[in-house]
Number of protein chains: 2
Amino acid sequence: MSNLELSSSLLAGSALIRNEPVQARSTARLAALLDAAAAVIDEIGYERLTTAMVADRAGASIGTVYRYFPDRIAVLQALATRNSERLASRLAEELAPERHATPAAAMHGVLTAVADMFRHEPGYPSIRVGDVLDLRPPVSAETANGAVATMITDAFIARFGVRDSAELRGAVATAYELIDAFVARAFARNRDGDKALLAEASRVLDAVIDGKL
Amino acid sequence: MSNLELSSSLLAGSALIRNEPVQARSTARLAALLDAAAAVIDEIGYERLTTAMVADRAGASIGTVYRYFPDRIAVLQALATRNSERLASRLAEELAPERHATPAAAMHGVLTAVADMFRHEPGYPSIRVGDVLDLRPPVSAETANGAVATMITDAFIARFGVRDSAELRGAVATAYELIDAFVARAFARNRDGDKALLAEASRVLDAVIDGKL
DNA sequence: AACGCATGATCGAGTTCCGATCCATCGAAA
DNA sequence: TTTCGATGGATCGGAACTCGATCATGCGTT
């Protein structure tokens, strides 16, 4: 299964969305609601986000918000899901055949792509994946970062013809975990991303993937 | 400045606490409130924690909760702060002179200590540091992990007589960031900590501190 | 040692605010 | 014209938070 095609299907069909949009205008509404949520989160953080703020910002009413989402947390989860999808498609671009010559180079491309998401995708620094939401029980057996790592590994196998193995999957998962942790910290107190920390991330990435990809 | 003595001073004096406890019973109350919050979080997650639950659990009334905390989120932040303090004192033990022969060994001790916190400190897996709470503006210029790294470095200098330098501080910060990220992931879906992931964390730690401490 | 009293601490009903529902109305498709 | 998806906003229920009454503590006074 390709990852690009997930973009419009993962959200729909999940428990996060109450009613599938049928008419054309309503898919735009749904996007507007998520955009509004992202903007609010960027300004005051997801803890303080209220459903009324989302409605206002999107030029919609409270009722409309609840037509699409079962509850406040579902809005956050839906945004997290959309963020994950956008990351996935950004990574799919990055891992396209013509882009990088070696797996190691591609992994550095992933680092850049993740940093781009933090820089340009509203709300991404706050809720890049649903994992931060502390829900019981966890929404899936796999962590969100684990899912991304799986996707990257699949792309590696397809692109570079490396052999599938538990070691390979572990190495990519480790590398991605690292990337996520360091980039998150680089952007934690600096909206443009702390340069020194990003450089450090790159260095550490080299140390970790050395000979393993 | 020693780290143990922070235990009762970091919380007091911060904006997280409305009224400093002065009588003996009230410091106990404050502790009871935080204990109650930790227990609730362990059971249902901090998203679903209500101030009424905290009051009930602590055998106090709503009014008492609000005597000490300005709002619901401050309760969570205060717990996060106490968690950081407990981590600090656990690390101070770990870095005691007789414990480890080399900085590298000590760093592995730090890994073990962090894992212990995840295992045994109620609420720790959910809100180990204030960073996870996504509030604006950030409470301090330094990230919580950065503060811990600083503390570890100071202890290294005192214990092993290594020379202070930007490189040393950077190396420790990197190593700690790594530890935090991997241990968190090891405990994300497993209350006892995924053994394989903890082993992987140890391996990666070696790769990263190699020759730098 | 006993007392008095200033002030810290507690309580919980009352108020405000927000998450969530309901339903009357609008407008697109057929 | 009819049907049904989509919308707005009044309304409800419950959680966050306030505030004045009341109780407890410990310190200065005698």
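In what follows, every chain begins at residue 1, and chains take the letters A, B, ... in the order their sequences are listed.
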### Query
Rounded to whole angstroms, how far apart are CD on Q23(B) and P on dC23(D)?
16 Å
### Query
Separation of R72(A) atom CZ from dA16(D) atom P, in whole Å?
11 Å
### Atom pair distance, as rounded to whole Å: CG in L33(A) and C1' in dA6(D)
12 Å
### Summary
By nearest-nucleotide position on DNA chain D, the 5'-leaning member of A52(B) and G63(B) is A52(B)
### Message
Check D164(B) with R169(B), please: is the shortest side-chain N to carboxylate O separation under 4.0 Å?
### Response
yes
### Query
Would one find a side-chain N or O of R29(B) under 4.0 angstrom from OP1 or OP2 of dT10(C)?
yes
### Task
Please determine if D180(B) and R185(A) form a salt bridge, counting it only when a charged side-chain N lies under 4.0 Å from a carboxylate O.
no
### Message
Between R25(B) and dA9(C), is there a contact of a side-chain N or O with OP1 or OP2 at under 4.0 Å?
### Response
no
### Task
Take atom CG of D71(B) and atom C1' of dT16(C), then tell me their distance rounded to the nearest Å.
15 Å
### Task
Check every strand shown and say whether N19(B) touches a base, only sugar-phosphate, or nothing at a heavy-atom separation below 4.0 Å.
nothing
### Task
Check every strand shown and say whether I73(A) touches a base, only sugar-phosphate, or nothing at a heavy-atom separation below 4.0 Å.
nothing
### Task
Provide, to the nearest angstrom, the distance between the CZ atom belonging to F69(A) and the P atom belonging to dG19(C).
14 Å
### Task
Specify the separation, in whole Å, of atom OH of Y68(B) and atom P of dT10(C).
4 Å
### Message
Counting only side-chain nitrogens and oxygens, does T50(B) get under 4.0 Å of the OP1 or OP2 atom of dA15(D)?
### Response
no
#### Entry: Upstream residue (5' side of DNA chain D) when I62(B) and G59(A) are each assigned their closest nucleotide
G59(A)
### Query
Distance check: side-chain N/O of Y66(A) vs OP1/OP2 of dA20(C), anything under 4.0 Å?
yes
### Query
Does T27(B) or M53(A) map to a spot on DNA chain C nearer the 5' end, using the closest nucleotide for each?
T27(B)
### Task
Give the rounded distance in Å between these two atoms: OH of Y46(B) and C1' of dA16(D).
18 Å
### Task
Could you verify whether a donor N or O on one side chain and an acceptor N or O on the other, from T150(B) and E142(B), lie under 3.5 Å apart?
yes
### Message
As an exercise, state the distance from OG1 of T153(B) to CG of L168(B), rounded to the nearest 0.5 Å.
### Response
5.5 Å
### Query
Do T143(A) and D131(A) get their side chains close enough for a donor-acceptor pair, meaning under 3.5 Å?
no
